[in-house]
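First listed ligand is number 1; within each ligand, the first listed atom is number 1. All values below were derived from every heavy atom in this structure, side-chain atoms included, with hydrogens, water molecules and symmetry-related copies excluded.
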Amino acid sequence: MSFNPIESLAKVRHEFGEHGGVNMSIEASTTFTVLNAATMPDIFQGLRGPEDQQKSAEGCYLYGRHFNPTVYVLGRYVAAIEGTEAAYCTASGMSAIAGAIMQHCGPGDHVVASDTIYGGTFALLKEFLPVKAGVATTFLNIADLDAVRRAITPRTKIVYCETLANPTMVVADLRELAKIAHAAGASLVVDNTFTPMMVSPCMLGADVVVHSMTKFMGGGSDIIAGAVCGTKAFVSSLMDTHTGALMLLGPTMDPRVAFELSLRLPHLPLRIKEHSRRAQFFAERLSERGVPVSYPGLPDHPQHKLLSSMLNEGFGYGGMLAIDVGTKERAFRLMEYLQNEQRFGFLAVSLGYFDTLMSCSASSTSSEMSDEDLRAAGIAPGLVRVSLGYTGTLEQRWAQFEAGLKHVGVLK
Ligand code: PLP
């Protein structure tokens, strides 16, 4: 029986506010009391925590950079969506990623990572962590499972990938990658930012899921936020007062932000379904007209079957697609024309917004990569990444997009 993230979230999201409100209350305090002074050392040592709240009236919270009740509840919602024991939310997707990686790795340790990942994560692994933490990364084509096996060393702590790679739409075989990682005693860490609700990596064997909640989960392009999901033990370790990456590096989510996000998750499934419906329509039209389009919902996508086998039912193939218009200049003209003349979407990075966002990946979100790295990852100079929104009618939006393609000569 497949996992149903909607049912899972509904079971958990039934909080009462302090005065009987239908939403949880915001706990904005940065510091928390205990009734007995002797309780405090227990909380510091991780012997008492948020899970103990129901057991007695005694305090279990410490300080706002440690667990906060509102952020903790949001973490439970995200964990429910991902089917993990626990999760905690952070100030950004990057801090969730950095925290998860640094919690696993120390000097001399090694990461095997997909060569097609968000540019910031790529820079973190390629440039920041080797210098600042002595953690080395081997980048490779994550679809080449033999290459993954070969790259693993006795010091490999993590296999890292995105469920659906940014921006090439390459699908990671999470079941097989989990087996390979586990055989080597390593963890599979997956960025599921492009595919919330659609895929639940930990249900397929992954150990840790990270999210940029800035994207589909937030849905309004107005909040920077992240999440780390995994076992209770792992999430607790992130908050350890001596060794926890979240506790000590301090990428704390503001409880007001957590509250705001808690109002968006109940309609995340509806939004994802509509993003998917529209992206599938666009991808089919583009493919019929002979425009090079990469979308995993198309039967000719190289990993269409693989993604189909990993999907939770009913959410489609997501709101992200990429088209190759040949050159950077043409990509720029297309995006400018669509935004400025057609009022179709925005020429902007990011994704998961209710309106369409378009960017030329090689010159923006993947510009941390060298020309050689871009070539290896298959990111063409004229690749336009489109996060398809759901404003306007589908027919209206397609007519605008088609006019743009005609304007730059991609379509006759
Ligand atoms: N992961 C993916 C796939 C992304 O696209 C991004 C940002 O674009 C991030 C992580 C980083 O997230 P944030 O900007 O919330 O730090």
Practice prompt. Check each of R385, K215, M320, M94 against atom 14 (O) of ligand 1 and report the one with the nearest heavy atom.
Written response: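 Closest candidate by heavy-atom distance is K215.
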Worksheet item: Do T121 and ligand 1 have an N or O pair less than 3.5 Å apart?
Response: no
Discussion item. E162 versus ligand 1: do any nitrogen or oxygen atoms come within less than 3.5 Å of each other?
Written reply: no
Quick test: of every protein heavy atom, which one is nearest to [atom], and how far off is it to 0.1 Å?
atom: atom 15 (O) of ligand 1; answer: T214 OG1, 2.6 Å
atom: atom 11 (C) of ligand 1; answer: Y118 CE2, 3.5 Å
atom: atom 5 (O) of ligand 1; answer: N166 ND2, 3.2 Å
atom: atom 1 (N) of ligand 1; answer: D191 OD2, 2.6 Å

Worksheet item: What atoms of ligand 1 come within less than 4.0 Å of a heavy atom belonging to G93?
Response: 12 (O), 13 (P), 15 (O), 16 (O)
Discussion item. Out of all atoms in ligand 1, which are within 4.0 Å of some heavy atom of I97? Include the element for each.
Written reply: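 Those atoms are 10 (C).
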Discussion item. Quiz question: by atom type and distance under 3.5 Å, do the side chains of R256 and T70 form a donor-acceptor pair?
Written reply: no
Worksheet item: Could you give all pairs that pass the ring-ring contact (aromatic ring centres under 6.0 Å, His included) test and reach residues 362-385, with sequence neighbours left out?
Response: none
Practice prompt. Quick one: which residue pairs count as a ring-ring contact (aromatic ring centres under 6.0 Å, His included) with a foot in residues 230-261, not counting sequence neighbours?
Written response: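 Of all non-adjacent pairs touching residues 230-261, those that pass ring-ring contact (aromatic ring centres under 6.0 Å, His included) are H104-F234.
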Item to complete: Take atom NE2 of H267 as the centre, draw a 6.0 Å sphere, and report whether it contains more than 12 heavy atoms from other residues, nucleotides or ligands.
Response: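 Counting other residues, nucleotides and ligands, NE2 of H267 exceeds 12 neighbours.
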Discussion item. Checking contacts here: is it the side chain or the backbone of A225 that comes within 4.0 Å of ligand 1, counting heavy atoms only? Could be both or neither.
Written reply: backbone
Worksheet entry | Backbone N/O of V199 and side chain of N192: donor-acceptor pair under 3.5 Å |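 Present.
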Discussion item. When you measure from the side chain of R155 to the backbone of P107, do you find a donor-acceptor pair of N or O atoms at a distance under 3.5 Å?
Written reply: yes
Worksheet item: Taking all atoms of both residues into account, what is the closest heavy-atom pair of L174 and L188, and its distance?
Response: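 In this case the closest contact between L174 and L188 is O-CD2, 3.6 Å.
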